[in-house]
Amino acid sequence: ANQTIMSTHVFVSAVVAAPADKVWAEIRDFTHPAKLFSTVETATMDDGASPTSVGHVRTVTWKNTAVRKHRLLEVSDAKRSISWELQPSGDEVVSVVSAAQTTVSVK
């Protein structure tokens, strides 16, 4: 059987008027959405995990009541980079060929 593999990558860049060390200190905490985005109600680590525990999941609840879960994939202080992936919820159709992964780097 022939399969077509497609890939889409989106890159976004922003400049924050603050020292990189201060920005990284906020971003490396995986519960940062609740502190940085007014549209987020809460961002908590499941199972009481540390907010830098790779492999663990956070639950983000938006003020519009949407809930999303993300698994922490990497936290690198050396690269000032953090990566996570969206976890499927019970009401989503999951495809083996689709995934949402986010990486934030502070330079």
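These numbers come from the heavy atoms of this one structure, side chains and all, not from hydrogens, waters or symmetry mates.
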List for me each residue that meets side-chain contact (heavy atoms from CB on, under 4.5 Å) alongside [X], sequence neighbours excluded, and say none if there are none.
| X | result |
| --- | --- |
| Ala17 | none |
| Lys63 | Glu41 |
| Ala66 | Trp62, Asn64 |

Could you point out which residue of Val40, Thr61, Leu86 forms a side chain to side chain contact (heavy atoms under 4.5 Å, CB included) with Arg68?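 The side chain to side chain contact (heavy atoms under 4.5 Å, CB included) with Arg68 is passed solely by Leu86 among Val40, Thr61, Leu86.
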Val106/Val16 under side-chain contact (heavy atoms from CB on, under 4.5 Å): CA gap, chis, key distance, verdict: CA-CA 10 Å; Val106 178; Val16 176; over 6 Å; no
Sequence neighbours excluded and cut-off under 3.5 Å, please list the side-chain donor-acceptor pairs for residues 45-53, or say none.
unit_1: Asp46; atom_1: OD1; unit_2: Thr59; atom_2: OG1; d: 2.7
unit_1: Asp46; atom_1: OD2; unit_2: Thr59; atom_2: OG1; d: 3.4
unit_1: Asp46; atom_1: OD2; unit_2: Lys69; atom_2: NZ; d: 2.8
unit_1: Ser50; atom_1: OG; unit_2: Thr52; atom_2: N; d: 3.3
unit_1: Ser50; atom_1: OG; unit_2: Thr52; atom_2: OG1; d: 3.2
unit_1: Ser53; atom_1: OG; unit_2: Ser50; atom_2: N; d: 3.4
unit_1: Ser53; atom_1: OG; unit_2: Ser50; atom_2: O; d: 3.3

Atom NE2 of His70 and atom OG of Ser83: how far apart are they, to the nearest 0.5 Å?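 Nearest 0.5 Å value for the NE2-OG distance: 12.5 Å.
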Just by modelled atom types, is the Ser105 backbone N or O under 3.5 Å from a matching donor or acceptor in the Arg80 side chain?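 Judged by distance alone, no pair lies under 3.5 Å.
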Can you name the residues that form a side chain to side chain donor-acceptor pair (under 3.5 Å) with Thr31, not counting sequence neighbours?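 Once residues adjacent in sequence are excluded, the partners of Thr31 under the side chain to side chain donor-acceptor pair (under 3.5 Å) criterion are Asp29.
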Given the rule that I, L, V, M, F, W and Y join up when any side-chain heavy atoms are under 4.5 Å apart, are Val54 and Val57 in one cluster?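 No, because Val54 and Val57 fall into different hydrophobic clusters, even though each may have its own neighbours under 4.5 Å.
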Answer yes if Leu36 and Leu72 sit in the same cluster of Ile, Leu, Val, Met, Phe, Trp and Tyr residues linked by side chain heavy atoms under 4.5 Å apart, and no otherwise.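 The answer is yes; both residues are in one hydrophobic cluster.
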Tell me, yes or no, whether the heavy-atom count around Lys22 atom NZ, taken from other residues, nucleotides or ligands under 6.0 Å, exceeds 12.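 Atom NZ in Lys22 is not packed in, count stays at 12 or less.
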Please give me the minimum heavy-atom distance between Ala25 and Arg28, naming the atom from each residue.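 Here Ala25 and Arg28 meet closest at O-CG, 3.8 Å.
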Enumerate the residue pairs fulfilling ring-ring contact (aromatic ring centres under 6.0 Å, His included) with a member in residues 19-60, sequence neighbours excluded, ordered by first and then second residue.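 Of all non-adjacent pairs touching residues 19-60, those that pass ring-ring contact (aromatic ring centres under 6.0 Å, His included) are Phe30-Trp84, His32-Trp84.
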